[in-house]
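These notes concern the structure reproduced below.
Below, each value reflects all heavy atoms present in this structure, side chains not excepted, and no hydrogens, waters or symmetry copies. Start at 1 and go down the list; that is how both ligands and their atoms are numbered.
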Amino acid sequence: MKDKLIIFDTTLRDGEQSPGASMTRDEKLRIARQLERMRVDVIEAGFAAASNGDFESVRAIAEAIKEFTVCSLARASEADIRRSGEAIAPAARGRIHTFIATSPIHMEKKLRMTPDQVVEQAVKAIGWARQFTDDVEFSAEDAGRSELDFLARIFEAVIAAGARTINVPDTVGYNVPDQFAATLRSLIERVPNADKVVWSVHCHNDLGLAVANSLAAVRVGARQVECTINGLGERAGNASLEEIVMAVRTRADIFPVETGIDTTQIVPASKLVSQITGYPVQPNKAIVGANAFAHESGIHQDGVLKHRETYEIMRAEDVGWGANKLVLGKLSGRNAFRARLIELGIEIESEEHLNHAFARFKELADKKHEIFDEDLTALMRDEAVTPELEHYRLLSSRFHSETGETPLAAITLAVGGAEKHAEAEGSGPVDAAFKAIESVVSSGSELLLYSVNAITTGTDAQGEVTVRLSRSGRVMDGQGADTDIIVASAKAYLNALNKLHAGTARLNPQVGP
Ligand code: KIV
Ligand code: ZN
């Protein structure tokens with residue numbers, strides 16, 4: 001019998017800390033339901049004290065997920081822990097994950113606390129959390145740059161106080177595999193009550209080593225890995241769930257563990273997270289990249305045709321490739337449309353909402369004859385934008401682009417109810433469209449990122465555009481989808497502007513106390 005490796009997914013918490021990747025409550029719920037289908041053991045649903053929106057999201061997920069653990073992050077403060085405790089209260093299995101920094105630089109410069117004070121605060125935090133649940137996890141933030149003696153001391157103290165999982169984060173992605181494994185091995189050997197807890201790791205990818213470090217730790221005793229779909233996360237991201245799960249499964253000969261993950265749900269999860277956050281998956285990304293199972297060279301193709309295992313160590317269908325079947329078309333009716341949305345976990349609030357969405361679906365089906373799940377997800381994401389969140393709306397557009405001529409965009413917008421028209425020239429039609437929009441809204445924002453992705457295959461595919469804007473230190477991503485990529489670009493730009501217009505302040509857990 002192999003040990004179980006607990007898969008702790010933090011896409012909804014650490015993943016959401018990627019610039020511009022903030023998600024609405026409903027989007028988080030959809031991802032949580034997909035994580036449930038994938039049989040993820042622990043879903044870190046958010047950081048309940050960060051904002052009312054985060055609190056509501058954690059609570060909604062705690063209500064919805066029955067079979068697996070729902071967790072909220074909390075700093076080691078009584079107020080944060082109370083908020084987390086309230087948010088996870090409806091969960092069938094609820095966990096509080098509390099943390100405090102332990103590296104000399106964080107304790108001295110950020111917390112301005114002595115090591116003794118940090119130990120005292122951590123022990124108190126476990127006591128507060130245990131009032132809400134027995135399932136308490138403790139993280140030593142920046143453990144990767146902390147002193148081993150101090151880590152051993154604080155872990156012994158929090159285990160004695162009732163922590164059940166001890167997490168060792170490489171917060172800034174500084175470690176390398178053999179050294180990180182050695183740290184974990186010595187902690188497990190030195191902490192006298194180490195056998196009372198599950199040892200966990202949480203690695204960031206600043207040196208591209210998050211997965212390697214996590215797997216090295218598993219080989220010496222870690223039995224929980226914290227990771228995210230597509231490796232989404234702060235800066236260069238977190239360890240990628242799909243890579244960890246498939247490495248453990250594919251190399252069962254060297255890993256003494258197995259996960260409970262339904263691997264056929266991996267690609268659907270990857271696509272859903274990418275669509276919701278607007279973070280495209282690079283084509284050569286392991287497991288979930290579009291080329292991950294594509295063989296280009298003739299020698300490889302020939303080998304695979306003769307005997308698949310000559311060049312393939314995993315089967316594409318085992319991770320869910322090939323599942324994006326054609327679902328609906330021009331002739332599909334309202335009932336088929338509604339049924340597919342329900343299967344995708346998309347909530348339909350009312351008959352009016354359904355009618356509106358169905359009319360949009362028919363328009364799309366006229367332009368694009370085959371409608372896939374990804375098209376429905378994009379369509380319903382646009383539908384989810386309520387009038388109060390849509391200060392700026394594209395009413396109509398005209399673009400002109402011809403060899404030897406300067407591209408021109410003419411757009412009509414609704415701005416808080418008033419109709420405005422503008423024209424602008426640009427270096428290309430997208431540039432012209434953005435300039436025309438700016439000539440109306442004068443947002444003062446800076447364009448940080450522009451990316452286009454085809455949602456499905458074929459030249460009639462919808463282009464999905466992500467635009468990242470920054471204004472006064474706030475960063476927002478906007479998405480737009482359309483069979484015309486200039487229209488998709490204008491929609492994405494306006495979506496980001498709407499979010500900047502409506503956005504509320506959030507607290508980042510990496511800041512204070
Ligand atoms: O990277 C980190 O240290 C974290 C902790 C809060 C676990 O995300
Ligand atoms: Zn982290």
Side-chain angles (χ1 to χ4, degrees), residues 6-19 21 42-50 54 58 69 71-77 80-81 83-84 95-107 109-111 118 121-122 125-126 129 135-146 150-151 154-155 158 163-175 180 183-184 187 197-211 213-214 217 222 224-241 244 506-513:
I6 297 169
I7 299 295
F8 175 117
D9 180 277
T10 182
T11 307
L12 299 175
R13 199 279 298 170
D14 225 348
E16 203 199 19
Q17 285 172 222
S18 312
V42 186
I43 299 173
E44 187 160 61
F47 171 36
D54 285 59
V58 177
T69 301
C71 168
S72 172
L73 183 71
R75 290 170 300 181
S77 82
D80 262 36
I81 290 173
R83 207 73 182 128
S84 283
R95 173 179 297 189
I96 295 178
H97 174 193
T98 185
F99 72 98
I100 194 162
T102 51
S103 62
I105 183 169
H106 275 228
M107 291 192 288
K109 306 283 182 211
K110 182 181 87 166
L111 299 178
V118 169
Q121 189 73 13
I126 304 301
D135 189 353
V136 175
E137 170 170 338
F138 174 76
S139 277
E141 190 192 4
D142 205 16
R145 292 188 299 168
S146 301
F150 184 60
L151 284 178
I154 196 165
F155 288 154
V158 294
R164 282 213 187 148
T165 302
I166 295 296
N167 186 37
V168 184
D170 182 18
T171 305
V172 292
Y174 181 68
N175 284 229
F180 192 59
T183 301
L184 209 87
L187 285 170
V197 291
V198 172
W199 288 84
S200 167
V201 288
H202 173 115
C203 297
H204 279 268
N205 207 28
D206 299 68
L207 293 173
L209 293 171
V211 169
N213 287 340
S214 307
Q224 173 176 287
V225 173
E226 302 196 353
C227 44
T228 59
I229 304 290
N230 300 336
L232 194 69
E234 287 260 351
R235 307 179 308 278
N238 288 57
S240 120
L241 179 147
I244 303 275
R506 279 186 84 244
L507 192 65
N508 184 331
Q510 251 71 31
V511 180

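Summarising the geometry of V168 relative to F180, their closest heavy-atom pair is O-CZ, 3.6 Å, with the distance given to 0.1 Å. Shown here for I154 and A122, the closest heavy-atom pair between the two residues is CD1-CB, 3.9 Å.
Put simply, the residue from D14, D9, T228 that forms a side-chain hydrogen bond (donor to acceptor under 3.5 Å, both in side chains) with N238 is D14.
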Check against side chain to side chain donor-acceptor pair (under 3.5 Å), S103 and D142: CA-CA 6 Å; S103 62; D142 205 16; 2.7 Å; yes
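Close approach of ligand 1 to H204 is summarised as follows: ligand atoms under 4.0 Å from at least one heavy atom of the residue are 1 (O). For ligand 1 and E141, the ligand atoms under 4.0 Å from any heavy atom of the residue are 3 (O). Near H97, meaning under 4.0 Å from any of its heavy atoms, are these atoms of ligand 1: 7 (C). Those atoms of ligand 1 with a heavy atom of R13 less than 4.0 angstrom away are 4 (C), 5 (C), 6 (C), 7 (C), 8 (O).
Side chain of Q121 to backbone of A76: a donor-acceptor contact under 3.5 angstrom is found.
A salt bridge links E141 with K110: the distance from a Lys NZ or Arg NE/NH1/NH2 to an Asp or Glu carboxylate oxygen falls below 4.0 Å.
Draw a line from the Zn ion (ligand 2) to NE2 of H204 and another to NE2 of H202, and the angle between them is 100° (to 10°).
As for D14, its N/O/S atom nearest the Zn ion (ligand 2) is the one called OD2.
Under the side chain to side chain donor-acceptor pair (under 3.5 Å) criterion, S139 pairs with H97, N167, not counting sequence neighbours.
The side chain of H202, and not its backbone, has at least one atom closer than 4.0 Å to an atom of ligand 1 (non-hydrogen atoms only; side chain from C-beta on). Of the heavy atoms in T171, both backbone and side-chain atoms come closer than 4.0 Å to ligand 1.
Polar contact with ligand 1: present for D14 (N/O pair, distance under 3.5 Å).
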